[in-house]
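Positions are given from 1, in the same order as the sequence printed here. Every heavy atom of this structure was used, including side-chain atoms; hydrogens, water molecules and symmetry mates were not. Numbering of ligands and ligand atoms starts at 1, following listing order.
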Amino acid sequence: MILEPLAPADRPVPTWCAAEVLVNRHHADRYQHLRLAAPEIAAAARPGQFVMLTAAKGHAGGPVLPRPMAIYSWDAGEGVIDILYAVVGDGTRALATFTPGERMVVVGPLGRGFDIQPDTGKVLLVGRGIGTCSLTGVAQELAGGPAEVVAVTSGRDAGAVIGADLFRTHGAAAVRAVTDAEGSSGVERLRADLCRELDEHPPQQILTCGSDRLARLSAELGARWGATVQVSVEAHMACGLGYCHGCATGPLDGPLESPLVCRDGPVFRLAG
Ligand SMILES: Cc1cc2nc3c(=O)[nH]c(=O)nc-3n(C[C@H](O)[C@H](O)[C@H](O)COP(=O)(O)OP(=O)(O)OC[C@H]3O[C@@H](n4cnc5c(N)ncnc54)[C@H](O)[C@@H]3O)c2cc1C
Ligand code: FES
């Protein structure tokens, strides 16, 4: 996959806050839903952006480096942001110990989110597992507008499929929840289903996150339909701010440094 930075845009101005934890509980089979009171971040968030969450609790210890998490949804009026996360290691295990009323250090919004062109009539969202959390904000942003949203949300089984309800709440024209368990998530099957559904009126933009396999399918469908493709990528991040240079998308030994996922992404144009 060849990743190209999107056209330059104003860099977000992240804020720091010790946000009150409002909710931190199990969601579906294997995820946690975290809601934070973070009015400044909620006011500035754009689809595809992320926050850095610090799991350490003062003297109680815990991982010092913050963990990047997509902003799943936000409500500027209520001043809250929502995050869905999978517990996979020390940092996310520590995040899961926060209880309502505790404060969590959060920095955001960060990164270059999805670039949705004003003249786009239809957008296809293709998400896999927890990666779908980067796409739900697109449906939120486009809700009530002229652009039609078609969403594919894929997972190993029904418990791993994320965002289908939220896509529907935001008025998506079609939501296709596919799973490995049912045999509906394979690339061949998805390609055939999407071509049948969209060949006549294809999307102008395809946005994807969470799977290289689905990113390659998105690139193929983009070429078929003449649609542009953007992908949100993941990388290990220490700062999320463009300082540590640990999240470069390519080797560090060339004369020019590769784009940084946290600063130039996480959303990139998929060029091939
Ligand atoms: C922009 C961005 C948005 C993200 N959004 C979400 C989200 O909405 N929800 C969510 O659950 N996770 C998300 N992640 C991934 C999340 O940051 C990691 O799962 C988390 O940092 C793991 O921390 P840990 O200490 O629990 O695990 P670690 O002990 O650090 O790692 C546990 C396992 O996960 C792998 N891992 C850790 N970080 C990453 C990463 N960034 N990419 C791929 N593999 C990794 C490690 O290699 C290891 O195998 C996002 C990552 C990025 C870069
Ligand atoms: S995480 Fe530090 S530069 Fe990207």
[atom]: the protein heavy-atom neighbour that sits closest, reported with distance to 0.1 Å:
atom: atom 2 (C) of ligand 1; answer: P68 CB, 4.0 Å
atom: atom 12 (N) of ligand 1; answer: M69 SD, 3.5 Å
atom: atom 9 (N) of ligand 1; answer: L84 O, 2.9 Å
atom: atom 3 (S) of ligand 2; answer: H245 N, 3.1 Å
atom: atom 28 (P) of ligand 1; answer: G89 CA, 4.2 Å
atom: atom 1 (S) of ligand 2; answer: G240 N, 3.2 Å
atom: atom 39 (C) of ligand 1; answer: H236 CE1, 3.6 Å
atom: atom 11 (O) of ligand 1; answer: A86 N, 2.8 Å
atom: atom 43 (C) of ligand 1; answer: E234 OE1, 3.4 Å
atom: atom 8 (O) of ligand 1; answer: A70 N, 3.2 Å

Under the 3.5 angstrom rule, does the side chain of [X] hit a backbone N or O of [Y] as a donor-acceptor pair?
X: T136; Y: Y72; result: yes
X: T54; Y: A56; result: no
X: Q205; Y: D115; result: yes
X: R35; Y: L22; result: no
X: D212; Y: A215; result: no
X: R112; Y: A7; result: yes
X: Q32; Y: V87; result: no
X: R67; Y: L65; result: yes
X: T249; Y: P259; result: yes

Can you name the atoms of ligand 2, numbered from 1 with element, that are less than 4.0 Å from a heavy atom of [X]?
X: M237; value: 1 (S)
X: G242; value: 3 (S)
X: C262; value: 1 (S), 3 (S), 4 (Fe)
X: Y243; value: 3 (S)
X: A238; value: 1 (S)

Evaluate [X] for polar contact with ligand 1, using N/O atom pairs at a separation under 3.5 Å.
X: C133; result: no
X: A235; result: yes
X: M237; result: no
X: V233; result: no
X: T92; result: yes
X: R67; result: yes

Next on the checklist: Show the nearest heavy-atom pair for residues I130 and L84, with the distance to one decimal.
Outcome noted: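 Minimum heavy-atom contact is CD1-O, 3.6 Å.
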
Checklist entry - Do V175 and V152 share a hydrophobic cluster (ILVMFWY, side-chain heavy atoms under 4.5 Å, transitive)? => result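 No.
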
Is any side-chain heavy atom of [Y] closer than 4.5 Å to one of [X]?
X: S185; Y: T179; result: no
X: H33; Y: D82; result: yes
X: C195; Y: L221; result: yes
X: I41; Y: W74; result: no
X: L214; Y: L190; result: yes

Answer with side chain, backbone, both or neither: which part of [X] has a heavy atom less than 4.0 angstrom from an atom of ligand 1?
X: V87; result: neither
X: C262; result: neither
X: V88; result: both

Item to check | C239 N/O/S atom closer than 2.8 Å to atom 2 (Fe) of ligand 2 | outcome: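 Yes, within the cut-off.
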
Next on the checklist: Taking backbone and side chain together, does C244 place any N/O/S atom at a distance below 2.8 Å from atom 2 (Fe) of ligand 2?
Outcome noted: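 Here the distance criterion (N, O or S atom, under 2.8 Å) is met by C244, so yes.
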
Item to check | Residue that, paired with K122, satisfies salt bridge (charged side-chain N to carboxylate O under 4.0 Å, His left out) out of E197, E148, E200 | outcome: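 Only one option passes, and that is E148.
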
[atom]: any protein heavy atom closer than 4.0 Å:
atom: atom 49 (O) of ligand 1; value: no
atom: atom 31 (O) of ligand 1; value: no
atom: atom 4 (C) of ligand 1; value: yes

Next on the checklist: For A235, which part has a heavy atom under 4.0 Å from ligand 2: side chain, backbone, both, or neither?
Outcome noted: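 Under 4.0 Å from ligand 2, A235 contributes no heavy atoms.
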
Checklist entry - With a 3.5 Å cut-off and no angle check, do the side chains of E102 and T99 form a donor-acceptor pair? => result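 The answer is yes; a qualifying pair exists.
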
Item to check | Atoms in ligand 1 with a heavy atom of D90 nearer than 4.0 Å | outcome: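 Taking each heavy atom of D90 in turn, ligand 1 has 25 (O), 26 (O), 29 (O) under 4.0 Å.
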
Checklist entry - In terms of atom number and element, which parts of ligand 1 are under 4.0 angstrom from non-hydrogen atoms of G91? => result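 By the 4.0 Å cutoff, the relevant atoms are 24 (P), 25 (O), 26 (O).
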
